[in-house]
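Structure, as structure tokens:
The basis for the numbers below is simple: all heavy atoms, side chains too, and nothing from hydrogens, waters or symmetry mates. In this text, all values refer to a predicted model and were calculated from it rather than measured experimentally. In listed order, ligands and their atoms are each counted from 1.
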Amino acid sequence: MIPASSRFVIVGAGMHGLSTAYHLSVELQQRGIGSGADIVVLDKTAPGAGATGIACGVVRNNYFQPAMSELMQACVEVWESDPAAYHYNSVGYVALGPRAQESDLSAVFERHQRIGYDSSLYVGEAEVDRHMTELFPDWRAKGVTICLHEHQGGFAFNLESVKGLADKCEAAGVSVLSGVEVTGFELGDDDTVTAVETDRGRIAVAEQVVIAPGPWAKHFWGMLGLPMTIDIHTPTGDVARDQPMWTYWNLQEGEITVDPLMFDTAAGGAPPVIHLDTDAPLYTDDGRLITDELWGIYYKRDRHGVQGGASPLTVDGDIELDPYPATTNVDDEFPDMWCAALSHAMGRFEGCRPLYKQARSGGVGSFTADNFPVFDYLKPNVYGILDSNHGYKMIGVGREVARVICGDSAPLLTPFRFERFATGDLHPVSNSPYPWS
Ligand SMILES: Cc1cc2nc3c(=O)[nH]c(=O)nc-3n(C[C@H](O)[C@H](O)[C@H](O)COP(=O)(O)OP(=O)(O)OC[C@H]3O[C@@H](n4cnc5c(N)ncnc54)[C@H](O)[C@@H]3O)c2cc1C
């Protein structure tokens, strides 16, 4: 049964919807102005049915943009607050790059130091080699001249962390309802949403709505009557007219089935997540050239092997998202490329191509016009958490949004307001080949 009315309606039971619901219940309780019983979360499928449930789960603070870096520090704080419930593995994260990325990663490191985020920087091929071979004696990627080793961050198990959050919500009295699809919004004369329409009936909204729809962001954008194309004002005063507000990318991910313990550090410990970008030519183990242009991969120890991905593929135009993530279109070359890259990085992965697991992996992500999140009120009482596919790691955004809903300001979210496209307050762009760095 769905309730006839609720003070707060949250749409989407992924990372953001659940984190917002849980943190809002805490805020209401602590301020003595309500409890989890005032909140209902709706999901058309079930908790974790969207991008959160298939995320690689990497948690890192390698962000060139000051606002992303500061927000991520707050998110890591939330991960670290309850690693058991969130199934968080604080193994760290190592980003390695070629000369072209030296200035970006150095700037990130300097900011880490300013904000008190624990990381180390290694510059120059010899220093990088020394650090990496100390960690992994079979490290063999050459021509890598910069390495940023985050001692915080790491990864979490996707569906387990969703369950951890959902359990916290339910313990706080929040109703998390599966199988309820939101089909529209009823608007009052002042443009506020007065009710949420669903396929199971109408829920009157007493106070506020939060939408956290992940890849379905464009669909909700349309439901709220927001513009599908926008003018983007850049910091230099240029204007790019009529740009699509939403685009899609296919994220390519895969895994090899090996004993997970074969991927360990020299000391026998759990390895950090590795992200390698390089312009060294990439060959398969039998000598076929895959590419001689800049390429990149990331990988981590998983429950049943080693899992990771590579640069995503752009999607032309629109896409059918349901049933999610059935639209995944992984490049046929991906297994060859990813396994060759693992072997390029570490001798232990030589010959791993036959161990590539042919399983559905990866999925579609939805991106904003500048590839950064929009966290903002979209109607007077509708807050949008539209993370531009940055956000499994962003568990702390829900905590910030809960404070906004309770009337506080949230300076960490201000740089992500929609208005930035009109005012030109865009985020700086890095030299990384990924749309989310
Ligand atoms: C393959 C892949 C790997 C990724 N890896 C990482 C990573 O390692 N680290 C990282 O930080 N990020 C990663 N991301 C990005 C991250 O997964 C997403 O940014 C994040 O999970 C989005 O969370 P969300 O709560 O906004 O949306 P989702 O988790 O997608 O949740 C949205 C929910 O809304 C529900 N819904 C949709 N429409 C309706 C409707 N009409 N009515 C009711 N409910 C509805 C859906 O069923 C879904 O459960 C990855 C993404 C992909 C696709």
Among [options], which residue places a heavy atom closest to [atom]?
atom	options	result
atom 3 (C) of ligand 1	Met72, Met223, Glu253, His390	Glu253
atom 44 (N) of ligand 1	His219, Lys44, Met15, Glu181	Lys44
atom 32 (C) of ligand 1	Gly362, Pro312, Ala212	Ala212
atom 40 (C) of ligand 1	Tyr324, Trp216, Phe220	Phe220
atom 11 (O) of ligand 1	Gln307, Met394, Lys393	Lys393
atom 47 (O) of ligand 1	Leu42, Thr45, Asp43	Asp43

Just jot down the ligand 1 atoms closer than 4.0 angstrom to any heavy atom of [X], in number order.
X	value
Gly391	11 (O), 18 (C), 19 (O), 20 (C)
Ala51	17 (O), 18 (C), 21 (O), 28 (P), 29 (O), 30 (O)
Pro215	30 (O)
Val364	53 (C)

Pair Ser161-Tyr392, side-chain hydrogen bond (donor to acceptor under 3.5 Å, both in side chains): steps then yes or no: CA-CA 10 Å; Ser161 57; Tyr392 176 82; 2.6 Å; yes

Could you identify the single nearest non-hydrogen protein atom to [atom] and state the distance to 0.1 Å?
atom	answer
atom 5 (N) of ligand 1	Cys56 N, 3.1 Å
atom 41 (N) of ligand 1	Val182 O, 3.1 Å
atom 27 (O) of ligand 1	Gly214 CA, 3.1 Å
atom 24 (P) of ligand 1	His16 CD2, 3.7 Å
atom 34 (O) of ligand 1	Gly12 CA, 3.4 Å
atom 31 (O) of ligand 1	Gly14 CA, 3.7 Å
atom 9 (N) of ligand 1	Val58 O, 3.0 Å
atom 10 (C) of ligand 1	Tyr392 CB, 3.3 Å

Validation row, ring centre [X] to ring centre [Y] under 6.0 Å:
X	Y	value
His87	Phe157	no
Trp249	Phe367	yes
Phe418	Phe416	no

Can you find an N/O atom of [X] closer than 3.5 Å to an N/O atom of ligand 1?
X	value
Ile54	no
Gly57	yes
Val11	no
Gly363	no

Assess [X] for proximity to ligand 1: is some non-hydrogen atom of it under 4.0 Å away?
X	result
Gly365	no
Val180	yes
Leu386	no

Closest approach of Val78 to Gly396 (non-hydrogen atoms, all atoms of both residues):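 Residues Val78 and Gly396, closest heavy atoms: CG2-CA, 3.8 Å.
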
Carboxylate-amine/guanidinium proximity below 4.0 Å for Arg420 and Asp425: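 Salt bridge: no.
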
Ser69 backbone acceptor or donor facing Asn61 side chain under 3.5 Å: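 A pair under 3.5 Å: yes.
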
Check: Glu320 side chain, Asp322 main-chain N or O, donor-acceptor pair, under 3.5 Å: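 Yes, Glu320 side chain to Asp322 backbone: donor-acceptor pair under 3.5 Å.
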
Working for ring-ring contact (aromatic ring centres under 6.0 Å, His included), residues His390 and Phe372: CA-CA 8 Å; His390 282 269; Phe372 290 106; 5.6 Å; yes

Check against salt bridge (charged side-chain N to carboxylate O under 4.0 Å, His left out), Arg403 and Glu400: CA-CA 5 Å; Arg403 291 172 181 165; Glu400 300 301 309; 3.4 Å; yes

Non-hydrogen side-chain atoms of Met15 and Ile395 separated by less than 4.5 Å: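 Yes. Closest side-chain heavy atoms under 4.5 Å.
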
Rounded distance (nearest 0.5 Å) linking atom CD of Glu255 with atom NZ of Lys357: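 Taking CD in Glu255 and NZ in Lys357, the distance rounds to 4.0 Å.
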
Under 4.0 Å, heavy-atom basis, I'd like to know which part of [X] is in contact with ligand 1: side chain, backbone, both or neither.
X	result
Asp387	side chain
Thr52	both
Ala55	both

Test: Arg60 cationic atom under 6.0 Å from Tyr63 six-membered ring centre, within 45° of axis: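 Yes, Arg60 and Tyr63 form such a contact.
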
Residue that, paired with Trp216, satisfies ring pair (Phe, Tyr, Trp, His ring centres under 6.0 Å) out of Tyr248, Tyr324, Trp221: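 Single ring pair (Phe, Tyr, Trp, His ring centres under 6.0 Å) partner of Trp216 among Tyr248, Tyr324, Trp221: Tyr324.
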
With Tyr299, the ring pair (Phe, Tyr, Trp, His ring centres under 6.0 Å) member among Phe136, Phe263, Trp338: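 With Tyr299 as partner, ring pair (Phe, Tyr, Trp, His ring centres under 6.0 Å) holds for just one option, Phe263.
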
Glu27 vs Arg399, salt bridge (charged side-chain N to carboxylate O under 4.0 Å, His left out): CA-CA, chis, key distance, verdict: CA-CA 9 Å; Glu27 291 291 337; Arg399 186 179 69 176; over 6 Å; no

